[in-house]
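To start, the structure under review is shown below, and the notes come after it.
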Amino acid sequence: MAKTDDDRRPKYQRIADSLREAIQSGEYGPGDRLPGENELMATHGVARMTARQALSVLRDEGVAEARKGAGVFVRAFRPLRRRGIQRLSQQQWGSGRSIWSADIENRALEVDQVSVSEEAAPDHVSAVLKLGDEDTVCVRRRRFVLDGKPVMFATSYLPTSLVAGSAITQEDTGPGGTYARLAELGYKPVHFREEIRSRMPAKDEASQLSVSAGTPVILICRTAFADEGRPVEINEMTLDAASYVLEYDFDA
């Protein structure tokens, strides 16, 4: 009898698939401990390395997480639904609300790392912001932690000539954030462009987001434009792909 495609897959992959199906069916819920290596070895008649590889697949996918000395557990973190259009509306930041409030509902968000500096602009930033050779940028770096889990870090670049002396150069930009302050300076964002890519994380990115090397990251580069198409900010964001659902809701 010919082997099926399922039969041809490595044993560790088949075990990982069966565990994933059990998670999706509710047999194992968020926070539940998955069968350990010894149990998988006995149940499936496989070597320890095969059992370990099966659990590694689920960890790399962001479905499960290892707890030192305790085992491997179904990831309890509920993915964040990022509402890509609603969060950037003027109604949001123009009324003093954070753009994050469109996404997080009543969940706990913390910005646990913030730095602001004046720097020479990287070439790609200088080109988009249409800066001169001697022009510098205000650089804002932040890491965002939701429900105790790092989910994103972001670096924003704004022309120093636009924002010097404003709250944008401070760690706390105030109600409505950077876009509300730009509006007060006469550079209200009227248009946004986001470019999205995905790849595996670099070592420092995996460390920043507390993810395994096998969990992809989402890269979002957003450019904010004021009147007459003037670019006023570039924001480069790196997201833990397992922590996000990207939602775009718009009329036809």
Ring geometry between Tyr157 and His124 (parallel below 30°, tilted from 30 to 60°, perpendicular above 60°) =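 Judged by the thresholds at 30° and 60°, the geometry between His124 and Tyr157 is perpendicular.
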
Side chains of [X] and [Y]: do they bring a donor and an acceptor to under 3.5 Å?
{"X": "Ser56", "Y": "Arg59", "answer": "yes"}
{"X": "Thr173", "Y": "Thr178", "answer": "no"}
{"X": "Ser101", "Y": "Gln92", "answer": "yes"}

task = Run the numbers on Leu246 and Ile196 for side chain to side chain contact (heavy atoms under 4.5 Å, CB included), then give the verdict.
result = CA-CA 10 Å; Leu246 304 186; Ile196 301 175; 4.2 Å; yes

Flag if over 12 foreign heavy atoms under 6.0 Å of CE, Met200 =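 Yes.
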
task = For Asp133, look at atom CG and say whether over 12 heavy atoms of other residues, nucleotides or ligands are found less than 6.0 Å away.
result =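 Atom CG in Asp133 is not packed in, count stays at 12 or less.
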
query = Of all residues at least two apart in sequence or in a different chain, which pass the side-chain contact (heavy atoms from CB on, under 4.5 Å) check with Phe250?
reply =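 Expected list: Ile85, Tyr248.
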
ask   = Do Arg67 and Phe73 meet the cation-pi criteria used here (NZ or CZ under 6.0 Å from the six-membered ring centre, within 45° of the axis)?
value =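 Arg67 over Phe73 ring: yes.
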
task = Please report the C-alpha distance between Glu233 and Tyr179 in whole Å, then the side-chain angles of each, then the deciding distance to 0.1 Å, and finally whether the side-chain hydrogen bond (donor to acceptor under 3.5 Å, both in side chains) criterion is met.
result = CA-CA 9 Å; Glu233 183 219 29; Tyr179 296 144; 2.6 Å; yes

query = By salt bridge (charged side-chain N to carboxylate O under 4.0 Å, His left out), which residues pair with Glu119, not counting sequence neighbours?
reply =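 Salt bridge (charged side-chain N to carboxylate O under 4.0 Å, His left out) check on Glu119 returns Arg141.
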
task = Check for a donor-acceptor pair, side chain of Glu205 on one end and backbone N or O of Ala202 on the other, with a separation under 3.5 Å.
result =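 Such a contact is found between Glu205 side chain and Ala202 backbone.
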
key: Steps toward side-chain hydrogen bond (donor to acceptor under 3.5 Å, both in side chains) verdict (Arg140, Asn235)   = CA-CA 9 Å; Arg140 300 182 51 83; Asn235 189 354; over 6 Å; no

